[in-house]
Amino acid sequence: MQPTHTDPPDYFHKVVDCQWACPAHTPVPEYIRLIGQGRYDDAYMINWVSNVFPGVLGRTCDRPCEPACRRGRVEESNGAHPEPVAICRLKRVAADHKSGVKLRMPTIAPPNGKRVACVGAGPSSLTVARDLAPLGYEITVFDGETQAGGFIRSQIPRFRLPESVIDEETGYILDMGVHFRSGQRVDSLRSLLEQGYDAVFVGSGAPRGRDLDIPGRREIGDNIHIGIDWLASVSFGHVSQIAPRVIVLGGGNTAMDCCRSARRLGGTDVKVIVRSGFDEMKASPWEKEDALHEGIPILNFHVPKTFEHNNGKLTGMTFEVVRAEYDAQGRRHLLPTGEPDVLVPCDVVLIAVGQENAFPWIEPDLGIAFDRWGLPQLTEGTFQSTLPQVFFGGDAAYGPKNIITAVAQGHEAAVSIDRFLHGEDVRQRPTPRTLLRSTKMGIHEWSYDNDVSNDARFKVPWAQAEVALASIRVEVELGFDAGTAFKEASRCLNCDVQTVFNRATCIECDACADICPMDCITFTSNGEETDLRGRLKAPARNLAQDLLVSAPLKTGRVMVKDEDVCLHCGLCAERCPTGAWDMQKFRLDTTQAGPLCRDTRATPRMPEAA
């Protein structure tokens with residue numbers, strides 16, 4: 001193998017698995033360390049720069065960072081089911097325990113004469129507004145509802161996300177001088193463009209829930225509801241009760257929110273019924289666990305067949321029982337088991353089988369092209385449509401995802417809009433800024449706590465069941481207290497503190513290889529990657545994680561380090577007699593709108609948050 005080049009940003013970024021997996025590339029270990037030090041304001045602002053809604057996401061994020069967490073790969077104390085650091089819930093700690101960050105919000109530059117309209121007040125549009133308003137852009141956000149937040153406010157139940165958190169975090173953005181046109185639904189993109197906006201960002205979400213056209217559907221007028229519409233009605237107080245027997249169709253997070261909401265509004269017999277197997281459901285594992293914890297059964301491998309009714313009144317549903325088979329390409333096929341159809345009596349059905357984009361307000365002759373799924377055709381990575389001054393993001397761009405993806409796309413779209421309005425090519429994306437800095441404070445001392453905690457993951461306390469299930473507005477999860485947050489933060493392995501090797505001072509004593517608790521380091525003859533991975537002290541099986549390979553040493557051997565299960569404990573650097581190893585903190589700042597994203601670089605107007 002050739003020596004590893006660690007200069008490109010992606011090399012060390014991939015080693016910070018949680019940050020790499022986060023769509024917004026939030027510097028997770030950095031804010032977790034700050035939480036462990038009780039610096040909650042600093043931790044909040046680091047989150048805010050990246051993900052915009054720390055309090056919201058600390059309760060509702062889909063947590064792509066946690067499956068990637070190195071702790072889940074290296075921990076052995078939890079037996080067969082090691083668990084990652086509770087990254088998401090630590091994010092909430094920063095939001096809950098901060099003392100006040102209003103004065104730390106960016107200053108607003110003088111007006112630059114450019115006007116940008118954002119359609120929809122959801123997470124993607126608000127991210128665009130947050131990135132562009134401090135730069136002097138005049139931002140106007142349009143939304144048909146009276147309050148900002150989009151599906152954060154309308155589709156996430158209050159028992160998961162209190163309204164006060166939404167108000168606070170959307171307020172930080174609207175208070176930047178953003179014009180919020182509440183209750184003003186955009187009915188015509190042509191009309192909006194004629195108002196003289198220099199750019200338009202479409203962040204209107206995927207507002208149309210899919211219906212289920214099976215026998216009996218057209219004969220029943222009442223008590224069958226589209227899940228996202230029903231959740232919105234609950235959120236805005238239009239629905240306050242439900243009949244006892246409820247079927248929820250669908251296996252995603254919306255279905256989990258529907259069933260848990262129905263349980264609180266009077267549903268005594270609530271069932272989730274889904275076509276797939278339990279493990280294949282799109283809902284996050286913890287969402288399914290929460291539903292089961294609240295006594296809601298999930299019936300798998302049941303395909304809806306008919307709505308049963310009596311004189312137009314819903315009485316139940318029938319389902320075909322199926323099993324899953326997979327072909328050579330891994331594609332799933334649902335085949336009948338031959339068992340009799342199952343009749344499930346019910347009073348209400350909530351349909352949560354997917355969402356679709358709907359753009360009836362975009363005139364077809366404006367020049368915006370859509371694909372066969374009704375999604376806008378966008379230049380890859382830029383979120384620019386075929387009408388150059390119109391950009392898309394969030395669910396409106398590539399279909400339903402989640403809040404953190406919407407935020408990440410809002411950041412990227414803001415960069416594109418900023419470059420576009422400065423006459424620059426939006427396809428050219430400036431690389432992130434990176435920094436490596438030694439954490440050495442003495443011969444055997446580091447500026448971070450490198451003592452690896454043996455604690456298992458701590459559980460977030462819940463409100464008492466009789467209290468939580470009695471009201472749709474009682475928050476279920478109570479969050480970590482400061483003491484538990486410190487202990488959970490101590491489980492983080494500081495993956496952003498990198499092991500940096502200097503071959504010039506290495507004397508090949510093998511002391512680092514001897515002391516490494518994970519057998520990550522091997523001195524051996526070089527070879528092809530497949531061969532080399534198999535010859536290490538602990539074979540490197542994870543091909544997604546790179547090997548750190550040195551240039552030839554004095555003996556002709558090479559040093560090979562498997563980055564996959566390294567604890568970042570620093571023992572190699574402490575043991576090395578010549579200082580060939582150093583522990584250096586890696587920082588990556590993603591490119592955001594502003595002078596640093598443009599071809600002519602200047603001092604950024606938005607200072608670092610912490």
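In terms of the salt bridge (charged side-chain N to carboxylate O under 4.0 Å, His left out) criterion, Arg437 has no residue partners (sequence neighbours excluded). Every residue meeting the salt bridge (charged side-chain N to carboxylate O under 4.0 Å, His left out) condition with Glu325, not counting sequence neighbours, appears here in chain and number order: Arg323. Taking the salt bridge (charged side-chain N to carboxylate O under 4.0 Å, His left out) definition, one finds that Arg541 meets it with nothing, sequence neighbours left out.
Test Leu548, Thr522, Val549, Thr524 against Met559 for side-chain contact (heavy atoms from CB on, under 4.5 Å) and you get one pass: Leu548.
Leu536 approaches Asp562 most closely through the heavy-atom pair CD1-CB, 4.5 Å. For the pair Asp582 and Ser438, the tightest heavy-atom approach, listed with the atom from each and the gap, is OD2-OG, 2.9 Å. Closest heavy-atom contact between Val426 and Arg419: CA-NE, 4.3 Å. When all heavy atoms of Ser447 and Met441 are compared, the pair lying nearest together is CA-SD, 3.3 Å.
In this structure, Phe12 and Phe586 have tilted ring planes: the angle between them lies in the 30° to 60° band. In this pair, His97 and Tyr40 present their aromatic rings tilted. The plane angle is within the 30 to 60° band.
Glu574 and Trp581 share no donor-acceptor pair across their side chains, judged by distance under 3.5 Å alone.
Residues Tyr44 and Tyr31 place their aromatic rings such that the two centres sit no closer than 6.0 Å.
The main-chain N or O of Ala95 is found under 3.5 Å from a side-chain atom of Lys98 such that the two form a donor-acceptor pair.
Residues Met45 and Arg39 are not in side-chain contact: their nearest non-hydrogen atoms beyond the backbone lie 4.5 Å or more apart.
The residues Glu477 and Arg89 are annotated as salt-bridged, a charged nitrogen and a carboxylate oxygen being separated by less than 4.0 angstrom.
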